[in-house]
> 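What follows is a single structure, and I will ask about it in a moment.
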Amino acid sequence: MIVEALAGRRVLITGVTGFLGQAVLERLLADVPDTALTVLVRPKGSQSSRDRLHRLLEKPVFWHWRERVGDERAQAIVDERVETIDGDVGAGGFDLPGDLDVVLHCAATVSFDPPIDEGFATNLQGTINLYDAVARSGSAAHLVHVSTAYVAGVRKGVVPEGPLAHAVDWRTELDAALAARNEVERLSRRPEVLERCLEAARAEHRKAGPQTVSADAERRRREWVDKRLVDHGRLRAHSLGWPDVYTLTKALGERAAEEIAAGWNGSAPLPLSVVRPSIVESALAHPYPGWIDGFKMAEPIILAYGRGTLPDFPGIPDGVIDIIPADLVVNALIVAAAHRPDPGAPAYYHVSSGDRNPLSFRRLYENVKEYFEAHPLPERDRGEVKVPTWEFPGRQKVESMLRTGERLVEVADKTVERLPRSSRMRELMTKVHRQRRQVEFMRRYADLYGPYAEAEVRYTDERAAELCDRLTPEDRERFGFDPRTIDWREYLQDIHCPSVTAGLRHVPARSTARAQRPQPGTGVVAVFDLEGTLLSSNVVESYVWLRLAELPRSVWPAELAAVARALPRLLATDRGDRGEFLRMFYRRYEGASVEGVRRLVEDHVAELILQRAAPAAIRRVREHRRHGHVTILITGALDVFIEPLAPLFDDVRASRLAVVDGCYTGQLDEPPLVGEARAAWLRREAGANALDLARSWAYGDSHSDLPLLEAVGHPVAVNPDAGLYRVARRRRWPVEEWEHSGGTPRFALPTPADARPVRTVVTP
């Protein structure tokens, strides 16, 4: 009997916060009552290992057990039976008690493509650290090592249960993998890499300012490092005959476990059982049908197919996709733990379905397709998703399709980015963004999981079947793991697919509502940009209004032509440096009468400014003021143009021109607040006036407003340009459309007879 065989034993479990580990812990707590449990848990932030254990009990895997025994009793059982040890298998440095009877090693990096050093640190170095600590403790513990069937590598045919046939030196590979990051970090600082990062950062963030550019360049350098390390791991795995760094490190972890169990540094040999599950998916029955924690291998592909975003996939239709429910794996681990092999004679078990209850890739596809045709996912504002029909075209055709899609997305992205700013431009950018994500998803999963869908291999499970057959009828009922009990149609259509799609069944109607509304509070500021945010006009348009108001109609064409000739140079400057653009443009005011300009603004431009203000913007400013927030307007426009809007704000920061003898010199009094200067000014004000920027708001429309928006806790992109819209989508910032009044001035401009000259000198 399994319960009797483990009664009185002390069992150490690693990886209890992970998918399999938490299921093993729940099963031992619920069904093997006389075991003493020790869990190795890494403290996280302010949470101790004990805190994390108690938080773990809130997860769905424990719900049925807690309901059965009661919450208070569940907490008492954990306190009585479970000891926690602070430790991280990858880092090592922990000590284990000397009375361990069983070690269930479930901890692993399960990502198929981690950076090479991270994969080796957990899956190989972590295994060494753990079993070395067991050997040092003096325990004669039975090591139950959780591996994967895919440690066999890329091959065809039948793979038996037994030691792996390879001659890879795990010590050399470990040393090289752990040293890889330092080498790649060194390479990332070479001039040619830094230059590429800087060029890309300048192309995207030049308008935002030099600090934003440098921060983005450094982000790109770090991404380059991670990508290089991921590529390093994948290529090293391929060169040694494994599909990815995950399976390579698990294979080498097995070999290290075998050496330690055989007698490590003079210690006594230890019994070792290696359990190799295939693709672990949602539970068949326990703790309840469909239980799963996080997405594993098949779920992203199933969900993408159900959303209609995966038109095809590489895979051999008659190939076996070897899936095994999680509760059968947990049962196998507990049964293996109760059957202690002799030291020096490791036991190997494949916990898989492909040999005795094979599921072909085509059969998997047909069941999933049938499920979604009967239960389609809702599509926002479009009814229901119609799933595609896969033709299984083969890897070469899928690869060609992916390359074509990647090229088309790049062309579309560059084309849309050049369109004039508008809601239509943002709608097109959203579509391109969605298409890019779809192509990237297909690329990632075709590269990662294609080898598993194309596998022509069967993992025999005679030893696992023999172990299962030795169970008593009662144990077989409670801890059985025979894959022949799986009805694939029932499992896929009635258990697995409903479970993994449950969260997508309710799709709220599309709404333009903001993610949050301003709330009352002191020490909060609301900072607004002017042009493109509150107002639809800009400094060029304001200047044109002013000039046309003072000039005879007969010279309007010449004036407009002069401005038009200067625009290309001005716009080119604006794309590079907003401050330089303002300095260049404001030279046009050289010699203009201060009083004359003010009079023209009051008589002719003020009304238009108020007409051009977005009603939603005015309402938002008033809402912030109603909640006691300090409202600030920051703009590069001249102060004289802002006077009609000044009563709305507690503080106005605008550009000022120097004045000599009552006339503008065309030179700014001080540097304009643009780009990063706005964020620096705001932080200084916050420090001087005890303002809480984390609770504050900022509204901007241009990529040059990015530093300002990053400075507050509630950034809002209003009618954003392409650059800001891309950032806002990436960071999930609220994006709002504030409609502005369009058209030209509706007031009567002065005629040549009554126009008052302002002595504004225009430099073509």
Side-chain angles (χ1 to χ4, degrees), residues 202-203 205-214 527-535 537-547 550 559-594 596-598 600-601 605 609 632-643 645 652-682 684 700-708 721 723-724 758-764:
R202 288 189 187 111
H205 297 293
R206 182 181 287 108
K207 289 184 68 173
Q211 288 301 309
T212 304
V213 168
S214 62
V527 187
F528 292 81
D529 174 54
L530 177 69
E531 297 165 341
T533 306
L534 266 72
L535 209 62
S537 67
N538 53 52
V539 296
V540 176
E541 189 175 7
S542 300
Y543 171 82
V544 171
W545 293 340
L546 199 67
R547 284 293 288 158
E550 68 155 340
E559 178 64 24
L560 292 174
V563 173
R565 285 195 300 271
L567 273 180
R569 183 164 58 96
L570 291 168
L571 293 176
T573 304
D574 188 31
R575 282 193 293 269
D577 188 324
R578 179 68 174 172
E580 186 58 29
F581 161 77
L582 293 175
R583 292 184 183 91
M584 181 184 297
F585 189 80
Y586 285 151
R587 290 173 191 156
R588 292 173 169 272
Y589 286 87
E590 182 181 356
S593 163
V594 175
V597 169
R598 187 176 302 279
L600 281 170
V601 170
V605 181
I609 289 174
I632 302 174
L633 177 64
I634 300 182
T635 177
L638 292 178
D639 53 357
V640 66
F641 287 98
I642 309 309
E643 290 179 2
L645 296 172
V652 174
R653 297 288 156 166
S655 296
R656 293 196 310 272
L657 288 174
V659 177
V660 175
D661 296 333
C663 294
Y664 291 122
T665 66
Q667 303 295 322
L668 289 169
D669 232 3
E670 57 185 23
L673 283 179
V674 296
E676 292 170 354
R678 294 184 176 186
W681 177 86
L682 182 61
R684 187 189 66 185
D701 71 299
S702 169
H703 196 266
S704 63
D705 296 321
L706 180 59
L708 176 66
D721 61 16
L724 181 58
V758 186
R759 249 185 8 102
T760 305
V761 178
V762 178
T763 305

> Just how far is it from atom CD of Q667 to atom CZ of R587, taken to the nearest 0.5 Å?
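Those atoms lie 6.0 Å apart.
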> If only atom types and distance count, is the side chain of E590 paired as donor or acceptor with the main-chain N or O of Y664 below 3.5 Å?
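Not confirmed, E590 side chain does not pair with Y664 backbone.
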> If I take atom CG from residue L535 and atom CG from residue L530, how far apart are they, to the nearest 0.5 angstrom?
5.0 Å
> Take T635 and E531, measure what side-chain hydrogen bond (donor to acceptor under 3.5 Å, both in side chains) needs, and give me the verdict at the end.
CA-CA 7 Å; T635 177; E531 297 165 341; 4.8 Å; no
> Take L633 and I642, measure what side chain to side chain contact (heavy atoms under 4.5 Å, CB included) needs, and give me the verdict at the end.
CA-CA 9 Å; L633 177 64; I642 309 309; 3.4 Å; yes
> Can you tell me which residue among H703, H205, R206, E676 is in a side-chain hydrogen bond (donor to acceptor under 3.5 Å, both in side chains) with T212?
E676
> Could you please spell out the steps behind the side chain to side chain contact (heavy atoms under 4.5 Å, CB included) verdict for D529 and L708?
CA-CA 9 Å; D529 174 54; L708 176 66; 5.5 Å; no
> Given side chain to side chain contact (heavy atoms under 4.5 Å, CB included), test W681 with I632 step by step and report yes or no.
CA-CA 12 Å; W681 177 86; I632 302 174; 4.0 Å; yes
> What's the separation between atom CZ in R656 and atom CG in D639, rounded to the nearest 0.5 Å?
7.0 Å
> Measure across S655 and G636 and return the closest heavy-atom pair with its distance rounded to 0.1 Å.
OG-O, 2.8 Å
> Taking side-chain contact (heavy atoms from CB on, under 4.5 Å) as the test, write out the residues that go with S704, two or more places apart.
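S704: side-chain contact (heavy atoms from CB on, under 4.5 Å) contacts with K207, S702.
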> Listed by chain and number, what are the salt bridge (Lys or Arg N to Asp or Glu O under 4.0 Å) partners of R598, not counting sequence neighbours?
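If we apply the salt bridge (Lys or Arg N to Asp or Glu O under 4.0 Å) test to R598, skipping adjacent residues, the hits are E643.
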> Ignoring hydrogens, what is the shortest heavy-atom contact between P707 and A208? Give both atom names and the distance.
CG-O, 3.2 Å
> How many angstroms lie between OG1 in T665 and CG in D669, if you round to the nearest 0.5 Å?
8.0 Å
> Please confirm whether the backbone N or O of L724 pairs with a side-chain atom of D721, one donor and one acceptor, at under 3.5 Å?
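Yes; judged by distance alone, with no hydrogens or angles, the pair exists.
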> Side chains of L668 and L657: does their closest heavy-atom pair fall under 4.5 Å?
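Yes, close enough: below the 4.5 Å cut-off.
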> How close do S593 and C663 get, counting heavy atoms only, and between which atoms?
CA-SG, 4.2 Å
